[in-house]
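Just below is one structure, and these are the notes that go with it.
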Amino acid sequence: MHDDSWIRVEVSYALPDQQWLLTVNVPDNCRLGEAIARSGLPEKVPGGLPEDCRYGIWSKLSKADAPLQDGDRIEIYRPLIADPKEARRLRAKQKTEAPKPKAG
């Protein structure tokens with residue numbers, strides 16, 4: 001028996017200077033990783049997607065074999081280049097070490 005049921009999902013990815021939001025129709029038994037491949041996004045991104053990227057469905061971390069539902073938004077997360085907590089510590093340290101303006 002051939003099942004012709006399809007669902008529509010969105011695949012999103014962003015670089016600092018460019019972003020993609022693609023709508024793609026996939027079979028209703030499609031998994032997250034397959035939907036990304038079917039979207040063609042890996043070929044559209046300069047240099048391709050990072051090998052160590054993570055995925056989410058509606059901001060909830062998910063694995064490539066996660067099942068999809070109609071209307072899901074797949075998000076592809078780039079690896080962080082800096083630990084957010086460490087970045088905040090450095091900014092706070094820079095503020096406290098900055099020279100204070102002379103009163104005058």
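All residue numbers in this chain count up from 1 along the given sequence. Side chains are part of it too, since the values below use all heavy atoms of this structure and drop only hydrogens, waters and symmetry mates.
- Under the side chain to side chain contact (heavy atoms under 4.5 Å, CB included) criterion, D52 pairs with P50, P79, sequence neighbours left out.
- Between the side chain of E75 and the backbone N or O of G56 there is no donor-acceptor pair closer than 3.5 Å.
- Annotation: side-chain hydrogen bond (donor to acceptor under 3.5 Å, both in side chains) contacts of E34 (sequence neighbours excluded): R38.
- Taken from CG in D72 to CG in L32, the straight-line distance is 8.5 Å, to the nearest 0.5 Å.
- Criterion: ILVMFWY side-chain heavy atoms under 4.5 Å apart, direct or through other members. Under it, I76 and V45 are part of a common hydrophobic cluster.
- Counting heavy atoms of neighbouring residues, nucleotides and ligands inside a 6.0 Å radius, atom CD of Q18 exceeds 12 of them.
- Every residue two or more places apart in sequence or in another chain that forms a side chain to side chain contact (heavy atoms under 4.5 Å, CB included) with L22 is listed here: S39, L41, K44.
- In this structure a side-chain-to-backbone donor-acceptor pair under 3.5 Å is present from R78 to A14.
- A 6.0 Å sphere centred on CD of E43 holds more than 12 heavy atoms belonging to other residues, nucleotides or ligands.
- The closest side-chain heavy-atom distance from Y55 to I57 is not below 4.5 Å.
- What you find for R8 and N25 is that their closest heavy atoms are NE-OD1, 3.2 Å.
- Of all the heavy atoms in A35 and V24, the pair that sits closest is O-CG1, 4.4 Å.
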Does the pair L61 and Y77 meet the rule for a side-chain contact (heavy atoms from CB on, under 4.5 Å), with working shown?
CA-CA 9 Å; L61 273 179; Y77 309 121; 3.9 Å; yes

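- Panel note: side chain S5, backbone P27; no donor-acceptor pair is recorded below 3.5 Å.
- Distance check, rounded to the nearest 0.5 Å: CG of L21 to CZ of R73 gives 5.0 Å.
- Taking every heavy atom of both residues into account, L15 and P46 meet most closely at CD1-CD, 4.5 Å.
- Side-chain atoms of D28 never come within 3.5 Å of backbone atoms of W6 as a donor-acceptor pair (strictly under, hydrogens ignored).
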